Engineer: 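Here's a structure for you.
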Amino acid sequence: METLIQQLINGVTLGSVYALIALGYTMVYGIIQLINFAHGEIFAAGGYIGVITLSLLNSRGVLESHPVLGLALAFLLAMAYCAFLAVALERVAYRPLRKASRLALLLSALGMSIFFSNGMMLCQGVYDKAYPTQLYATGQFTVGGAVVSYIQVYIVAGAVVLMVALNLFVNRTRLGKAMRSTAQDRTMSALLGINANRTITITFVIGAILAAAAGVMVGLYYGSVRFDMGFVPGIKAFAAAVLGGIGNLTGAVLGGMIIGLVEVFAAGYLASEYKDVFAFIILILVLYFRPTGIMGEQVDDTRV
Amino acid sequence: MATDLIRLGVVLAWGFVLLVPMLGARLGFDTFAFEWTRIWKVMGVLAVGGLLVVAQRAVSARRPDRAHAQHRSRVHVPAAWGWAALGVVAVVFPWFADNYARDVAINVLVYVTLGLGLNVVVGLAGLLDLGYIAFYAVGAYTYALLNTHFQIPFWLALPIGCVVSAGAGAVIGYPTLKMRGDYLAIVTLGFGEIIRLVLNNWDAVTEGPNGILGIKAPGIYYPVFGEGAVTFVHFYLKSLLWLYFVALAIAVVTVVGVHRLDRSRVGRAWISIREDETAAELTGIPTLKVKLLAYMLGAVFAGLAGAFFAAKVRYVNPSSFVFIESALVLCIVVLGGMGSIPGIILGAAAIIVLPEVFRGLELYRMLAFGGAMTVMMVFRPEGLIPAGRRKRELRGEAAAEGDAGA
C-alpha cells in the first residue's frame, strides 16, 4: 500500500513535468501542424539556464540567504531565455517554410533539434551539470507511509499554477482568442485582421515558457541536467499530447499524467529497464486504435 | 544593403543574448566562473559570416543578369559517362589507398547502402522513417547471433538477415502504415528506440550493452589446383582491401536495385502515393500493400548493410544503433536530394568524408549536420543533386513562397 501511494506521488510529479512539455507540443501542433522536434531541446535549455542561475547565485552566497528568491529568479530567467530561443527558432527554421511541404518543415525541425542539443553539448560539455540542491527545499514529510519531498510539492504546485495561467490566457484574453482562431483557420482569421505570424510566435513563446519551467523542475527533481536530456522526455511528452488528443490543452495535461503514471508504475512493478519502452508502446497503441486521442475530435487527412 | 545590415545587427544581438549564459558560464562543482573570450570568438565568426552574406547579396543585387547566367550555364555530361567514371574510380581506388582511406571508403559505401535503402521509404514513397537504423541493427544482430551460435557463414547469413529485416519491416510497418505523415515519423522513432532498448536490456540473447564478440569476417573458398584434384581453401576476407570489395558489391547491388525499383511499376506507385495518397488509392493502387512493400524493401537494404557492418567490425553492441544514426542517414538522403541516387552517393561521401578531413572539428560534426538540414530545407529543399521530378515539385512551392515574401 505504501509503495502504491509512493508510486502514485512520484508518477504525478513526473506527469506534471510531461504535461508542461506536452502543452507546448500540442499548441504548436494545433496552430501549424508541426511536430516541433526542437521542443525537447528548449526544455533542456531551460534546465541549463536554471542550473547556471542557481550556481551563479550560489557562488555569490545569495542562495543561502534568499533561497526562494533564487529559485524564482532561476525559473524566470529560464523562461525568458527559452522565449528568446523559441522566437529565434520559429523565425529561422519554421517561418520561411510556411508554404513548404510538411516533410520539409518536419526535417527542418529535426535539424534544429540536433543543432540545439549539440550546441548545448559544445557550450556546456558532455557531463551532467549538478544543481546545488543541498541549499533549498530539502525537507520531506510522510503521507500514509509514503515519503513526499518538498520539491515534489513545489513541482506539482508550480505546474498547476502554470496550467491555470495558461487556461486563463487562452480562454480569457484577446491574444488567446487570436491563438484559438488561428489554430482553427489561419486564412480566415488573417482575413479578420489577426496577424498570423505574430500569433504563431506567441504560441511558440508560451510553449517555450512552459517547457523552460519543466526543465528547471526536472533539474531540481533529479539534481542534474545533461545536454541530451530533452530527447526522451520530448518524445514522451509528444506521446502524451497525442494520447490526450493533439491540439487539445486539457488532453495534453491528462496525457502527461497518464504517461508519467504508467512510466513510474511500469518501472516499479514490471521492469525498470523497460520503462521507456512502455511509453512508446502506449504511443503506438493509441495511434493505432484511436489516433484522435482521448479528448480529440475527428481529425481529417490534412491534419494527420 | 542598409536593411540587410540592420537585419544582421538584430540577428547578432539576438545570438548574443542566447550565447551569453549558455557559452559564458563555466560551472564546476560548486563553483561558477564566467568567460567572455569564447563568446567573442563565436560572435566574431558570426559577424564575419553575416557580413559576407550581406556583401554577397549586395553584389548579386547589383548584377542580377550575371547571377541568372550562372544558374543556366550548367555543363551537361551524359549520365552513363559519370557512372562509368565512378565505377572505375571505385575499383581502382583501394589498390592505391592506405588502410585508413580504405576504412573511410568502406564507411561511405555502408552509408550509401543505408541512404539508398532509406531513400526507398522517404524519397520514393514519401514516408518519413525516423527509426531506420533499427533495421540496420536487426541485420547486424541477425548475422552476429547466427554466426556466433550456429557458425553460419556470412554469405548464407546475408539473405537470412535480409529476410529477418524485411520481416521486422513488415512487423513495424503494418500497424504504422495506417497513419499518415508526422504521426508515422514519431511512431517509427518510437519503434527504433524500442528495438535499441530491447537489444540493450535482453541480456540472455544480446549480451546487453556488452555486445556480441567473436563474429567471423566474410569468407570465400578459392580453388587450389593440386596434384590431379582441385581442393578448395577457405579464406577469411579480413583485410580492409577485401572488405572494401564486399562493401562495394553490396553498394552496387543496392544502387542497381534501387534504380530498377525507381523505374518499376511499384516505384511509380510509390511516387504517386508520395504525391497524393488519396488520389493514388482512387486510381487503384493498393496503397497499404505498396507502402508495406516500401518498408520491407527499405529494411532489406539496411539488413544487408547491417550484416556487413557486423562482419567488418566483428563486434556489435547497441550503442551503434542510436537515434542519431537514423538522423545521420536521413541527413544523407536530404542533403543529397530525396529520390536521387547520385545525390545520395554524394551525400554519403560528404557526410562521412568531410568530418574525416576536418578532424579537428569532429565535435562540431552533428552541429553542422543539424544546421545543414534546416538550411537545406529553407534554401534548397531538393538537395545537392535533385531528382528531376522532385525538384520541379519543391521549386514550384518555394517560388510561390519567395514571391509572397518579397
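Side chains are part of it too, since the values below use all heavy atoms of this structure and drop only hydrogens, waters and symmetry mates. Note that the structure is a prediction, hence the values are computed from the model and not measured. Throughout, protein chains are lettered first and strands after them, A, B, ... in sequence-line order, and every chain is numbered starting at 1.
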Engineer: Can you find a heavy atom in the side chain of B/Met377 that is under 4.5 Å from one in the side chain of A/Leu103?
Structural biologist: no
Engineer: B/Arg365 versus chain A, heavy atoms under 4.5 Å apart: side chain, backbone, both or neither?
Structural biologist: neither
Engineer: Can you say whether B/Val198 sits under 4.5 Å from chain A via the side chain, the backbone, both, or neither, judging by heavy atoms?
Structural biologist: both
Engineer: For B/Phe369, is it the side chain, the backbone, both, or neither that has a heavy atom closer than 4.5 Å to a heavy atom of chain A?
Structural biologist: neither
Engineer: So for atom CZ, which belongs to A/Arg186, do other residues, nucleotides or ligands contribute more than 12 heavy atoms lying within a distance under 6.0 Å?
Structural biologist: yes
Engineer: Under a 4.5 Å heavy-atom cutoff, which of B/Met366, B/Met22, B/Arg38 has the most pairs with chain A?
Structural biologist: B/Met22
Engineer: Which answer fits A/Phe37, side chain, backbone, both or neither, if we ask what part of it has an atom under 4.5 Å from a heavy atom of chain B?
Structural biologist: side chain
Engineer: Treating A/Asp128 as the side-chain partner and A/Ser224 as the backbone partner, does any N or O pair qualify as donor plus acceptor under 3.5 Å?
Structural biologist: no
Engineer: Among the options A/Val51, A/Leu107, A/Leu110, A/Ile235, pick out the one with the most heavy-atom pairs lying under 4.5 Å from chain B.
Structural biologist: A/Leu107
Engineer: So how far is it from A/Phe278 CZ to A/Glu263 CD, rounded to the nearest 0.5 Å?
Structural biologist: 11.0 Å
Engineer: Please flag which part of A/Phe231 lies under 4.5 Å from any non-hydrogen atom of chain B: side chain, backbone, both or neither.
Structural biologist: side chain
Engineer: Take atom CZ of B/Arg57 as the centre, draw a 6.0 Å sphere, and report whether it contains more than 12 heavy atoms from other residues, nucleotides or ligands.
Structural biologist: no
Engineer: Is A/Tyr131 reaching over with its side chain to a backbone N or O of A/Gly47, donor-acceptor style, under 3.5 angstrom?
Structural biologist: yes
Engineer: Does any part of the side chain of A/Leu220, heavy atoms only, come nearer than 4.5 Å to the side chain of A/Phe75, both counted from C-beta?
Structural biologist: yes
Engineer: Considering only heavy atoms, which portion of A/Ser108 lies under 4.5 Å from any heavy atom of chain B: side chain, backbone, both, or neither?
Structural biologist: both
Engineer: What part of A/Phe84 lies closer than 4.5 angstrom to a heavy atom of chain B: side chain, backbone, both or neither?
Structural biologist: both
Engineer: For B/Val17, is it the side chain, the backbone, both or neither that has a heavy atom under 4.5 Å from a heavy atom of chain A?
Structural biologist: both
Engineer: Mind checking whether A/His39 and A/Tyr25 have parallel, tilted or perpendicular rings, split at 30° and 60°?
Structural biologist: perpendicular
Engineer: Which bit of A/Ala45 comes within less than 4.5 Å of chain B, counting heavy atoms only: side chain, backbone, both or neither?
Structural biologist: both
Engineer: Measuring heavy-atom distances to chain A, does B/Leu189 have an atom under 4.5 Å in its side chain, in its backbone, in both, or in neither?
Structural biologist: side chain
